[in-house]
Amino acid sequence: MGRPWRGGFWIALAAAVIRPLSCLLTRRRWSGQGNIPASGGVILVANHLSTVDPPLLAHYVYAAGRSPRFMAKSDLWEVPILRRVLAGAGQIPVYRRDPSAGGALRDAVAALRAGRALVIYPEGGITTDPDYWPMRARTGVARLALATGAPVIPVAQWGAQRIWGRDRRPHLFARPEIRVHAGRPVDLSRFAARSGAPTDPSGVADPSGAWLLRAVTDVVMADLTAVVELVRGEPAPPPAGSAEPGPEIPCQPEAAASPGARPPDPDAPRAGSAR
């Protein structure tokens, strides 16, 4: 397989702007970049803390040798200069309240089949948890994983909320430590034989695949939360019942499934390199 796609002019331009700012405004503790495949389609599933964490995460992924392709809210395409950069860099707009939202899924599948590194925030927005823990996710990541077979890598980040948090005030001179760690691929092998199954585990007909989508999503989020715990150095609180937000990618009501436990990650965050 040839060298991974590096994004051309627009990605290079974005990198030329983002990297100096990232180095100026933050201290970085990165680890786990070796868990990101060097080539081929891959789904990078990340927690979302702040409006400023996408460029910081993009810096991490780019430094790992891949050009990130984000699924981002369509509002960003309304900013004239930014729209040109996003379109030129192959980013994927998601129209949350529009029937065309399904087009984002098709574009994402095409990107993965073309060997791109796709970044997705499965919660569909910045977490509203008061302590910034991941929320219950939508099922877009499960649809992508089942449709393409691409590996799913949980990527945890922490610290961006100290630059721009819920007070909506920039803290540009705080220079916080930004921790990012990519975990090992999520083990979804248990679902491989069920990708076309019309029943749930109890044998109840499930032609929509709702049970399967929710089960895969919950396993992915369990792994992501475990990696967030490693990055933060503290356990997540027990999950509380909460309503699932409206769909960014069309989905149907689903029943929750109990994810399996994630084994210890030998690549747990240690003192990383600043780049």
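Because the structure is a prediction, the values reported are computed rather than measured.
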Rounded to the nearest 0.5 Å, how far apart are [atom1] of [X] and [atom2] of [Y]?
X	Y	atom1	atom2	answer
Trp158	Leu230	CH2	CG	14.0 Å
Asp187	Asp223	CG	CG	8.5 Å
Leu118	Arg66	CG	CZ	10.5 Å
Leu44	Leu224	CG	CG	11.5 Å
Arg136	Thr217	CZ	OG1	8.5 Å
Met71	Ile120	CE	CD1	5.0 Å

Selection residues 43-53 - residue pairs positive for side-chain hydrogen bond (donor to acceptor under 3.5 Å, both in side chains), sequence neighbours left out: His48-Asp53, Asp53-Tyr121, Asp53-Gln157
Summary of side-chain hydrogen bond (donor to acceptor under 3.5 Å, both in side chains) pairs that have at least one residue in residues 225-239, sequence neighbours excluded: Arg232-Glu234
Taking all non-hydrogen atoms of both residues, which atom of [X] and which atom of [Y] are closest, and how far apart?
X	Y	answer
Pro154	Val186	CD-CG2, 3.9 Å
Gln33	Tyr60	NE2-O, 3.0 Å
Pro151	Pro37	CG-CG, 4.4 Å
Val155	Ala182	CG2-CB, 4.1 Å
Val152	Leu188	CG2-CD1, 4.1 Å
Leu56	Ile163	CD1-CD1, 4.1 Å

Can you confirm whether [X] sits close enough to [Y] that some side-chain heavy atom of one is under 4.5 Å from a side-chain heavy atom of the other?
X	Y	answer
Leu105	Leu144	yes
Pro237	Asp131	no
Val180	His59	no
Pro55	Val17	no

Sequence-distant partners of Arg179, side-chain hydrogen bond (donor to acceptor under 3.5 Å, both in side chains), two or more places apart: Glu177
Test side-chain contact (heavy atoms from CB on, under 4.5 Å) applied to Arg175 - qualifying residues, sequence neighbours left out: Arg27
Residues forming a side-chain contact (heavy atoms from CB on, under 4.5 Å) with Ala174, sequence neighbours excluded: His171, Pro176
Hydrophobic cluster (4.5 angstrom, side-chain heavy atoms) - remaining members for Ile18: none
Sidechain-backbone polar pair: Glu123 side chain, Met135 backbone, donor-acceptor under 3.5 Å: yes
Steps toward side chain to side chain contact (heavy atoms under 4.5 Å, CB included) verdict (Leu213, Leu146): CA-CA 9 Å; Leu213 292 173; Leu146 294 173; 4.0 Å; yes
